[in-house]
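The structure under discussion appears below in the form of structure tokens.
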Amino acid sequence: MSQSQLNLNQVFKQYLQKKSVFKNKESLTDHYVPDQILHREGEITQIAETMAPSLRGHKVSNMFLYGTVGTGKSVSMKHVASELERVSENVKILYVNCKMKRVSDTEYRLLAELIRKMGQMVPPTGLPTDHVYRIFFEIIDSEKQNIILVLDEIDALIQKTGDEILYNLTRINQDMKNAKLSIVGISNNASFTNDIDPRVKSSLSEEEIIFKPYDATQLKDILTKRSIEAFNTGVLENGVIAKCAALAAQEHGDARRALDLLRMAGEIAERSGELKITTNYVDKAEEKLDMDRIEEIIKSQPRQSQAVMSSIIKLHEEGQRDIQTGDVFTYYEKICKSSGLKPLTQRRISDLVGELDMLGVINAKVISKGRYGRTREINVPISKPMLEKIKKILQERYLL
DNA sequence: GTCAATTCACATGAAAGAGACCACGGTCTAGTG
DNA sequence: CTAGACCGTGGTCTCTTTCATGTGAATTGACGA
């Protein structure tokens, strides 16, 4: 005990003595809102112009922001929102991320979350939805105010719960006497509007703003600016930023990815006691980010899904190419038997395999083999060391 | 050799059930004055 | 008389099951050249 205590003390002491490459790591995380947002001037003015009428108490047009991940939609929106709230006191902005599991991914929970943001409480479950709806309505309409509701990742919400919520929310203005409500939807893909009611769609996208992916040069600018805040001077070797930018530009110009790479490169360098970040560390960072992501996914999967994963890995290890759903199911049943898990039906396994594919842990393509039926062809695009790590996790859970 | 019909092995959808949570209102119980 | 314990009802939410329908090309088998 005292031995390890001693060691820990040493570790902490060394850590404090060591010079850090970071000055302020915060500014490389994605919830950080920089005071100046580069290469989004056009979009920001457009948002601001759309929202400006609220200053005179007019209703703001509903708005839709499109763009792939990491193109600055949320930051831009938050930026304008906070400025607006600063200038005017009867404009209130409610920002909700609809993808947050168990917080706001259903109609009830979204409303509950909104009510919470308005400073009141509502039980997490138990009440009829329309009751919650009325509470929300009454809170909002109790004052003369202009509410702007920002629904981030709105596509996730619609996909899960249908478009009824949006319909209700867009209609709410008709019944309100004092307040006005406008909706800003933020979505990663433009195509999801296809499956919402055309009436809702037209009223919701009175104004549409499209965010294009950043190109490598723009990413470079962004990284440069943030790195000045984030790192101590002189720790970045030439070409590090360019490399992060280039890698992220390959992945549809995702600024978040670029920042993650840079931050992780810094962390790895620091942990190995370096005071200089080289491009070498960027490669390592990329690898580490991938590993972490997959590991996190596997760990957070429910047991059944883990069992399916085990089955796939086992078949993959036995050298089977083009694993089929049926194979997975057969082996899965064996795993269930040996681990005392209650086996699910094939129908369900089919869905679980699909989910694992969606998460990017495996590749499962639906193909038709003619006379020999239609199935998913499953591949495991995972590196050897990662595979070992996953196996270990699954073994700990008695699934291999 | 050609062409439509057949057939396989699941995929994909819809609906409904099970079970965990939870709020609310009513009833019962025990403690208090 | 009242605060708190204890139901029963009704609601949401997630994970599954059940039942039904869909699907795309290899294979088959009839047909004609």
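Below, chains carry the letters A, B, ... as their sequence lines are ordered, and counting in each starts from 1.
A centroid separation of 6.0 Å or more is found between the aromatic rings of Y66(A) and F211(A).
Without hydrogens or angle criteria, R376(A) side chain to N363(A) main chain gives no donor-acceptor distance under 3.5 Å.
By the neighbour-count criterion of 12 heavy atoms within 6.0 Å, atom NZ of K99(A) is sparsely surrounded, having that number or fewer from other residues, nucleotides or ligands.
Partners of K334(A) according to the side-chain contact (heavy atoms from CB on, under 4.5 Å) rule, which considers only residues two or more places apart in sequence or in another chain, are Y331(A). In this structure, the side-chain contact (heavy atoms from CB on, under 4.5 Å) partners of Q36(A), at least two apart in sequence or on a different chain, are L38(A), K225(A).
No salt bridge links R256(A) with D260(A); every basic N to acidic carboxylate O contact stays at or beyond 4.0 Å.
Checked by atom type, the side-chain pair S74(A)/D152(A) shows a donor-acceptor distance below 3.5 Å. Side-chain contact check for Q145(A) and N178(A): no donor-acceptor pair (N or O, by modelled atom type) lies under 3.5 Å. N188(A) and K73(A) share a donor-acceptor pair across their side chains, judged by distance under 3.5 Å alone.
Mapping G373(A) and S350(A) onto DNA chain B via the closest heavy atom, the residue that lands nearer the 5' end is G373(A).
Think of the region where chain A sits on DNA chain C: with heavy atoms and a 4.0 Å cut, that region ends 5' and 3' at dG10(C) to dT28(C). Boundaries of the chain A contact region on DNA chain B are dT7(B) to dC24(B), first to last in 5' to 3' order (nucleotide atom under 4.0 Å from a heavy atom).
The stretch residues 229-239 of chain A participates, sequence neighbours left out, in these side-chain hydrogen bond (donor to acceptor under 3.5 Å, both in side chains) pairs: Y32(A)-E229(A).
Rounded to 10°, the angle separating the first-five-pair axis and the last-five-pair axis of the helix from dG1(B)-dC31(C) to dG31(B)-dC1(C) equals 20°.
Using a 4.0 Å heavy-atom criterion, one finds that R347(A) contacts the bases of the nucleic acid, with or without backbone contacts as well.
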